[in-house]
Amino acid sequence: MSFTQQLAAAWQKNNSLLCVGLDPDPAKFPAHLKGRDDAIFEFCAAIVDATADLVCSFKPQIAYFAARRAEDQLEALIAHIHDKHPGIPVILDSKRGDIGSTAEQYAVEAFGRYKADAVTVNPYMGRDSVEPYLAYPDKGVILLCRTSNPGGSDLQFLEVEGEKLYERVARLAAKEWNSTGQIGLVVGATFPAEIARVRAIVGDMPLLVPGIGAQGGDIEATVKAGRTADATGLMINSSRAILYAGKDEGYADAARKAAQETRDAINQYR
Ligand SMILES: O=C(O)c1cc(=O)[nH]c(=O)n1[C@@H]1O[C@H](COP(=O)(O)O)[C@@H](O)[C@H]1O
């Protein structure tokens, strides 16, 4: 099954547009996990098991694993999701962006090593930095377009030949690069007007929308700007607000409650 088919099935099955981001920071772990060799895996797997029926996808962020030499725990976590919660797509958030021959290696990393269903990619080096990922016809390739961070405007909002740079990325992605039909775009929840603009350019393409929760993006504005005619089309990511909803041994239950509330808040506006 392709990434977009898997995502469509997960939207339906769990009645959810919520993507739980897995950004494990050991400094924020509950005391009973501190000092354990497998703490990162244990922390994330408990969150995954507590929220898997409430989400349309999981998004592990590679830096949180690589910074602590915990890539083996990232591999184990993705295998755990595939094994215990089949059908929930895993987006590896690595935001790679390099020229073709090196991008080929990053694609092997994401799809061969980690067995992710989709990967985030920085397309600002152009077409040939995206193409190597499209050699995997069933895999999702989610391109940064209009990012949620304040500095995103420094470059992405520049006017180029009559359009904004992020609009050019959206147009190229939808009209010229999408040979597999598996491209998606990142648009921040902190910029709902631009979500609407991107939606108008790209049709039904899936949008990964981070920025609700800890970054303060507005759920109602995000959903109304980004939903498709069938009230799907979005993977609305929340990481810290779910992962660290609780501080003690009950953290997974607290994460479930936060995920449920977020999913329901999103569904209210679909
Ligand atoms: O590609 C991303 O996932 C991403 C793009 C973007 O524009 N903004 C953004 O915050 N992200 C990621 O989404 C997550 C947001 O985390 P929280 O702010 O804790 O919900 C982090 O993993 C970020 O790296």
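Scope of the values below: all heavy atoms of this structure, side chains included, with no hydrogens, waters or symmetry mates.
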Exercise. Between N237 and V20, is any pair of side-chain heavy atoms under 4.5 Å apart?
Worked result: no

Exercise. Do V187 and V160 belong to the same hydrophobic cluster, where Ile, Leu, Val, Met, Phe, Trp and Tyr are linked whenever their side-chain heavy atoms lie under 4.5 Å apart, directly or via other members?
Worked result: yes

Exercise. Do V55 and C19 come within less than 4.5 Å of each other through their side chains, counting heavy atoms only?
Worked result: no

Problem set entry | Backbone N/O of I201 and side chain of K175: donor-acceptor pair under 3.5 Å | yes

Exercise. Ion pair present between E161 and R168, side-chain N to carboxylate O less than 4.0 angstrom?
Worked result: yes

For this session: May I ask you to decide whether D98 forms a salt bridge with R96, counting only side-chain N to carboxylate O separations under 4.0 Å?
Result: no

Exercise. Which heavy-atom pair separates A110 from V119 by the least distance, and what is that distance?
Worked result: CB-CG2, 3.7 Å

Exercise. Would you find more than 12 non-hydrogen atoms of other residues, nucleotides or ligands less than 6.0 Å from D83 atom CG?
Worked result: yes

Exercise. Taking atom CD of E163 and atom CG of L158, what is their separation to the nearest 0.5 Å?
Worked result: 12.5 Å

Exercise. Going by heavy atoms in the side chains, are L143 and W177 under 4.5 Å from each other?
Worked result: yes

For this session: To the nearest 0.5 angstrom, please state how far the CZ atom of R227 sits from the CG atom of L234.
Result: 9.5 Å

For this session: Could you pull out the closest heavy-atom pair between A214 and A241, with the gap in Å?
Result: N-CB, 4.1 Å

Exercise. If we ignore angles and hydrogens, is there a donor and acceptor under 3.5 Å between the side chains of H32 and D248?
Worked result: no

Exercise. Is S2 reaching over with its side chain to a backbone N or O of Q5, donor-acceptor style, under 3.5 angstrom?
Worked result: yes

Exercise. So L165 and E159, side chain to side chain contact (heavy atoms under 4.5 Å, CB included) or not? Walk me through it.
Worked result: CA-CA 6 Å; L165 187 54; E159 199 74 34; over 6 Å; no

Exercise. Got more than 12 heavy atoms from elsewhere within 6.0 Å of NZ, K28?
Worked result: yes

For this session: State which residues pass ring pair (Phe, Tyr, Trp, His ring centres under 6.0 Å) with Y106; sequence neighbours excluded, sorted by chain then number.
Result: none

Exercise. Does Q73 use its side chain to pair, donor to acceptor, with the backbone of D37 at less than 3.5 Å?
Worked result: yes

Problem set entry | Non-hydrogen side-chain atoms of K164 and Q156 separated by less than 4.5 Å | no

Exercise. Any link between L7 and Y114 through a network of hydrophobic side chains (Ile, Leu, Val, Met, Phe, Trp, Tyr) touching at under 4.5 Å?
Worked result: yes

Exercise. Less than 4.5 Å apart, any side-chain heavy atom of F43 and any of P30?
Worked result: yes

Exercise. Are the side chain of E42 and the backbone of A39 linked by a donor-acceptor contact shorter than 3.5 Å?
Worked result: no

Exercise. How many angstroms lie between CD1 in I219 and CG in D264, if you round to the nearest 0.5 Å?
Worked result: 10.5 Å

Seminar exercise, completed: Tightest non-hydrogen contact, residues T180 and Y136, listed as CG2-O, 4.5 Å

Exercise. Would you find a donor on one side and an acceptor on the other, under 3.5 Å apart, between the side chain of S129 and the backbone of G97?
Worked result: no

For this session: Evaluate the criterion side chain to side chain contact (heavy atoms under 4.5 Å, CB included) for residue pair V169 and Y124; output intermediate values, then yes/no.
Result: CA-CA 8 Å; V169 168; Y124 283 86; 3.6 Å; yes

Problem set entry | Q215 and T190: side chain donor to acceptor below 3.5 Å | no

Exercise. Is any side-chain heavy atom of I99 closer than 4.5 Å to a side-chain heavy atom of D128?
Worked result: no

Problem set entry | Main-chain N/O of S94 paired with T120 side-chain donor or acceptor, under 3.5 Å | yes

Problem set entry | Distance, nearest 0.5 Å, that separates CG of D38 from CG of L77 | 12.0 Å

Problem set entry | Working for side chain to side chain contact (heavy atoms under 4.5 Å, CB included), residues R197 and Y166 | CA-CA 10 Å; R197 190 67 204 114; Y166 81 91; 3.3 Å; yes

Problem set entry | Passing candidate, side chain to side chain contact (heavy atoms under 4.5 Å, CB included) with P89, options Q6, M1, M235 | Q6

Problem set entry | I47 CD1 to S239 OG distance, which is reported to the nearest 0.5 Å | 11.0 Å

Exercise. Is there a donor-acceptor pair under 3.5 Å between the side chain of K139 and the backbone N or O of L134?
Worked result: no

Exercise. Tell me, do D117 and H82 make a side-chain contact under 4.5 Å, heavy atoms counted?
Worked result: yes

Exercise. Is there a side-chain contact between L172 and V130 (heavy atoms, below 4.5 Å)?
Worked result: no

For this session: Assess whether side chain to side chain contact (heavy atoms under 4.5 Å, CB included) is satisfied between R270 and T228, documenting all intermediate values.
Result: CA-CA 9 Å; R270 281 171 69 185; T228 49; over 6 Å; no

For this session: Go through F29 and Y251 one step at a time and tell me if the ring-ring contact (aromatic ring centres under 6.0 Å, His included) criterion holds.
Result: CA-CA 9 Å; F29 285 0; Y251 73 95; 7.8 Å; no

For this session: Look at the side chain of S153 and the backbone N and O of F157, then say whether any donor-acceptor pair between them is shorter than 3.5 Å.
Result: no

Seminar exercise, completed: Distance col, row L74:CG vs I40:CD1, nearest 0.5 angstrom, shows 9.5 Å

For this session: Taking only Lys NZ, Arg NE, NH1 and NH2, and the carboxylate oxygens of Asp or Glu, determine whether K257 and E261 approach each other closer than 4.0 Å.
Result: yes

Exercise. At their closest point, which heavy atom of A252 faces which heavy atom of A46, and how far apart are they?
Worked result: CB-O, 3.8 Å

Exercise. Can you list the steps and then say if F41 with F65 is a ring-ring contact (aromatic ring centres under 6.0 Å, His included)?
Worked result: CA-CA 9 Å; F41 173 83; F65 297 83; 9.6 Å; no

For this session: Return yes if some donor-acceptor pair links the side-chain N/O of R263 with the main-chain N/O of L18 below 3.5 Å, else return no.
Result: no

For this session: Report, as yes or no, whether the 6.0 Å neighbourhood of atom CD on E71 holds more than 12 heavy atoms from other residues, nucleotides or ligands.
Result: yes

Exercise. Considering all heavy atoms of both residues, which atom of C56 and which atom of W11 are nearest to each other, and what is their separation?
Worked result: CB-CD1, 3.5 Å

Exercise. Of I142, V90, L22, I91, which meets side chain to side chain contact (heavy atoms under 4.5 Å, CB included) against K59?
Worked result: I91

Which side-chain N or O atoms in residues 202-212 pair as donor and acceptor under 3.5 Å with protein atoms at least two apart or in another chain?
none

Problem set entry | Closest heavy-atom pair and its distance - A50, L54 | O-CD1, 4.5 Å

Exercise. Where the side chain of Q61 meets the backbone of A63, is there a donor-acceptor pair that is under 3.5 Å apart?
Worked result: yes

Problem set entry | Salt bridge present between D49 and R256 (N-O < 4.0 angstrom) | no

